[in-house]
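Worksheet for the structure shown next.
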Amino acid sequence: MAEAESKKVIKLVPEYLLKRRKAYQAIKATQAKLALLEKRKVSHGKPLKFKRLEDLLKDSHKKHRDETRIRRSQHRPAAPLPPANRLAFAVRIREIKGVSPKVMKVVQMLRLKKIFSGAFVKINKTSVSMMKMVEPYVAWGFPNLKSVRELILKRGQTKIGRRQVPLTDNTFIEQHMGKHGIICLEDLIHEIYSVGKNFRPANNFLIPFRLSVARHAARDKAGLLKDLGNPGFRGTDINSIIRQLN
């Protein structure tokens, strides 16, 4: 009887099957862990955003100040349009946290959603009134040809789908802007600076310029850059701001 039990053969499992079982168990363990984390995330809900009373009061005062400023500016006579300059460049140099909804809407229309972002603007009665509305947060003025050329050559980009593409290939520009008579970078620069008949599609082709600030730039007590000066209308001094941020 003992000899029969000793002669029992133990079935061996192939190595490839053991490896497959081990990999399957690892996958199931990972899936179970992810499901548990997802369940905890749903059960806990969104984290509570705590806001201090001082921040609420600050935002409320800023909104009230913006609404009062906009209401007063509506009763003032409109500023005369510049006779020679038809192109302006606007760059946001202040934070817009807690501003009035009207100011936020104008900032979005000007495509200045991020601080130190800039965009070209065609000068007319509507755009000047928009600039007045966002004056405490945006510096704007009249760029010269050198500034326009440097901005487009150094930081000119467009958006194709979700991908940002730098403007370095004239063939690419001709492919997307050839129907407007723009086949190279020089044509694009000329159309923007001269504010031609195809200024709007050319300006929409360019995404807002993301300008940079020196890491060790001098700042005042409020954390604002000293060299940039105050926001608002800067005339031809906007060229010096472009030099600093480009």
Side-chain angles (χ1 to χ4, degrees), residues 81-93 96 104-134 137-215 228 231 233-246:
L81 297 178
N85 302 93
R86 298 174 57 199
L87 176 69
F89 184 78
V91 56
R92 184 158 75 84
I93 60 175
I96 57 172
M104 183 67 73
K105 185 177 180 180
V106 173
V107 168
Q108 292 176 352
M109 291 174 66
L110 293 173
R111 304 188 300 166
L112 303 177
K113 297 180 181 180
K114 295 184 178 181
I115 192 168
F116 301 122
S117 60
F120 294 111
V121 181
K122 183 179 180 179
I123 290 295
N124 51 38
K125 189 175 180 181
T126 304
S127 63
V128 171
S129 63
M130 290 169 63
M131 293 295 186
K132 289 289 183 183
M133 197 172 293
V134 296
Y137 313 100
V138 174
W140 68 282
F142 307 126
N144 53 29
L145 179 59
K146 182 181 179 182
S147 298
V148 174
R149 184 185 299 277
E150 289 178 352
L151 280 170
I152 295 177
L153 290 179
K154 186 175 180 180
R155 299 188 182 271
Q157 291 184 339
T158 189
K159 201 166 188 179
I160 305 299
R162 295 185 177 181
R163 189 166 54 95
Q164 293 184 5
V165 182
L167 300 178
T168 56
D169 187 5
N170 289 333
T171 306
F172 175 81
I173 296 173
E174 184 179 6
Q175 181 182 354
H176 291 84
M177 296 296 293
K179 57 185 177 181
H180 300 294
I182 300 173
I183 62 174
C184 62
L185 268 175
E186 288 299 327
D187 289 346
L188 184 62
I189 294 170
H190 178 267
E191 190 68 27
I192 292 292
Y193 182 70
S194 62
V195 192
K197 61 180 181 179
N198 294 316
F199 172 81
R200 187 171 183 178
N203 194 29
N204 291 336
F205 181 67
L206 293 167
I207 63 174
F209 299 94
R210 298 191 62 180
L211 306 176
S212 60
V213 181
R215 184 179 299 177
L228 294 183
F233 177 65
R234 301 291 293 273
T236 56
D237 290 340
I238 195 69
N239 295 294
S240 62
I241 295 179
I242 294 173
R243 299 287 186 281
Q244 293 176 28
L245 299 179
N246 192 11

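These numbers come from the heavy atoms of this one structure, side chains and all, not from hydrogens, waters or symmetry mates.
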**Request:** Go through the steps for Ile189 and Leu153 under the test side chain to side chain contact (heavy atoms under 4.5 Å, CB included), then give the verdict.
**Result:** CA-CA 9 Å; Ile189 294 170; Leu153 290 179; 4.3 Å; yes
**Over all atoms of both residues, closest heavy-atom pair of Leu211 and Leu151** = CD2-CD2, 3.8 Å
**Asked** So do Ile242 and Val91 actually touch side chain to side chain, heavy atoms under 4.5 Å?
**Response** no
**salt bridge (Lys or Arg N to Asp or Glu O under 4.0 Å) contacts touching residues 174-190 (sequence neighbours left out)** = Arg149-Glu186
**Donor-acceptor pair between Ser240 and Arg234 side chains, under 3.5 angstrom** = no
**Item:** Minimum heavy-atom distance Arg155-Leu245, with the two atoms named
**Value:** NH2-O, 3.7 Å
**Asked** Which residues pass the ring pair (Phe, Tyr, Trp, His ring centres under 6.0 Å) test with His190, sequence neighbours left out?
**Response** none
**Asked** In chain order, what residues pass the ring pair (Phe, Tyr, Trp, His ring centres under 6.0 Å) check against Tyr137, with sequence neighbours excluded?
**Response** none
**Request:** Could you tell me whether the side chain of Glu191 and the main chain of Asn198 form a donor-acceptor pair under 3.5 Å?
**Result:** yes
Review item, side-chain donor-acceptor pairs of residues 139-148, under 3.5 Å, at least two apart:
unit_1, atom_1, unit_2, atom_2, d
Asn144, OD1, Lys146, N, 3.4
Asn144, OD1, Ser147, N, 2.8
Asn144, OD1, Ser147, OG, 2.9
Ser147, OG, Asn239, OD1, 2.7
Ser147, OG, Arg243, NH1, 2.6

**Asked** So, the side chain of Asn170 versus the backbone of Leu185: is there a donor-acceptor pair under 3.5 Å, distance only?
**Response** yes
**Pro231 side chain near Val138 side chain, heavy-atom distance below 4.5 Å** = no
**Asked** Among all residues two or more places apart in sequence or in another chain, which pass the side chain to side chain donor-acceptor pair (under 3.5 Å) test with Arg111?
**Response** none
**Request:** Mind checking ring pair (Phe, Tyr, Trp, His ring centres under 6.0 Å) for Phe120 and listing every partner two or more places apart, or none if nothing turns up?
**Result:** Phe89, Phe209
